[in-house]
Amino acid sequence: MAEEAAAGLQGLNIQEKAPGGPQPTVILVIGMAGSGKTTFMQRLNAHLHATQRPGYIINLDPAVTNVPYGANVDIRDTVNYKNVMKQYSLGPNGAILTSLNLFATRFDQVVSLCEKKRDPPLQYIVADTPGQIEIFTWSASGAIITEAFATSFPTMIAYIIDTPRCVGPQTFMTNMLQACSILYKTRLPVLLVFNKVDVARHEFALDWMADFENFHQALDSEQSYAASLSRSMSLVLEQFYQNMRSVGVSAVTGEGMEEFMAAVQQCREEYEQQYKPDLERRQAERAQLEQQRQAAELERLQADRAAGAAAAAGGNSGLPRGPVVLDARKGATLQQLEEEEEEEEEKLRGLD
Ligand SMILES: Nc1nc2c(ncn2[C@@H]2O[C@H](COP(=O)(O)OP(=O)(O)OP(=O)(O)O)[C@@H](O)[C@H]2O)c(=O)[nH]1
């Protein structure tokens with residue numbers, strides 16, 4: 001595995017694929033800057049090792065200076081973020097986005113690495129994403145990477161939340177809206193991971209999600225426009241909360257990690273029952289549309305060829321050969337018109 005990381009993606013020759021057995025679950029770790037993604041990755045990696053669940057760790061953050069967990073694939077081995085910044089005269093966020101775009105073009109190779117036969121077989125593939133959340137969730141490269149995983153493996157999103165910061169109802173609402181938008185964009189199972197429970201317990205958040213009146217009470221003291229927006233949004237999000245799984249963890253102490261693993265299993269089941277049939281339906285629809293497009297193209301091509309052949313057979317006049325009835329003179333054929341024309345010419349010659 002170290003060799004793969006050291007080699008980056010250069011010159012990979014992946015031939016052996018894992019046989020039919022159960023596929024590993026992909027956990028995409030997403031969250032706002034400072035929510036504790038990297039620390040959580042480190043904890044999860046340690047937990048997988050301790051409980052003997054073979055995992056494969058991927059770092060997709062090109063700007064991170066220190067990766068405290070041993071990544072099997074690291075975007076930094078393939079793309080140099082600082083060079084990208086210089087070469088394309090970009091700022092830090094533009095360079096992260098461009099690095100991710102460059103990496104996405106070769107992501108099929110990462111998927112092949114994940115599919116490679118191993119003994120014991122992989123159970124989990126965990127990917128850390130850039131701290132600037134929108135660079136992954138709202139970019140084409142983020143969508144390509146997510147879809148590449150989701151079409152190959154059971155995939156879910158672990159949305160990391162900084163619990164102590166969410167004690168403020170408006171920060172809580174901002175986090176919920178982000179999670180909701182990710183759910184609707186990717187359609188993948190999303191697990192809300194309330195991190196840092198060693199600093200602040202997450203039960204208040206569960207309470208707000210279970211009953212919006214409790215959330216409104218928390219907002220009572222605030223009269224700003226943002227507070228009233230949060231109040232309205234809590235009603236909109238009621239349905240979203242009902243379908244949402246959540247778990248409280250501490251990436252520092254390791255609390256809640258087994259509950260997290262159990263929730264991941266439930267998300268995997270949800271993927272199999274809901275996302276996969278939907279994905280297969282969308283793929284079938286896409287294939288049917290492609291078939292229809294090809295049939296229409298073929299028909300157009302055949303019509304063009306037929307018209308071309310007819311034009312060639314009609315000589316330079318461009319008119320089809322034979323006694324074709326012309327519109328301008330009802331009943332007159334091309335032959336008749338030519339004869340009449342000759343007669344006219346003879347008459348004129350006679351006059352001369
Ligand atoms: N007390 C406590 N602190 C935590 C926990 N998880 C992370 N932290 C701290 O939160 C800060 C941010 O953690 P990171 O893991 O760097 O967060 P991140 O989301 O990867 O940050 P970016 O890469 O900048 O987006 C660090 O100081 C961590 O030590 C936790 O469970 N408990």
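Every number for a ligand or one of its atoms is a count from 1 in the order of the listing. It should be emphasised that the depicted structure is a prediction, and the values quoted were computed from it without experimental measurement.
Residue-level contacts of ligand 1 at the 4.0 Å heavy-atom threshold are Met32, Ala33, Gly34, Ser35, Gly36, Lys37, Thr38, Thr39, Gly131, Asn195, Lys196, Asp198, Val199, Ser250, Ala251, Val252.
Salt bridge status for Glu285 with Arg282: absent, with no side-chain N to carboxylate O gap under 4.0 Å.
At a threshold of 4.5 Å between non-hydrogen side-chain atoms, the residues Phe103 and Pro62 do not count as touching.
Note on ring orientation: taking the six-membered ring where Trp is involved, the planes of Phe194 and Phe172 are parallel (angle under 30°, cut-offs 30° and 60°).
Distance alone, capped at 3.5 Å, is enough to place a donor-acceptor pair between the Arg76 side chain and the Val64 backbone. One N or O on the side chain of Tyr271 and one on the backbone of Phe153 form a donor-acceptor pair closer than 3.5 Å.
Residue pairs satisfying the side chain to side chain donor-acceptor pair (under 3.5 Å) criterion with at least one member in residues 185-198, sequence neighbours excluded, are listed as follows: Asp162-Lys196, Arg187-Asp278, Asp198-Ser250.
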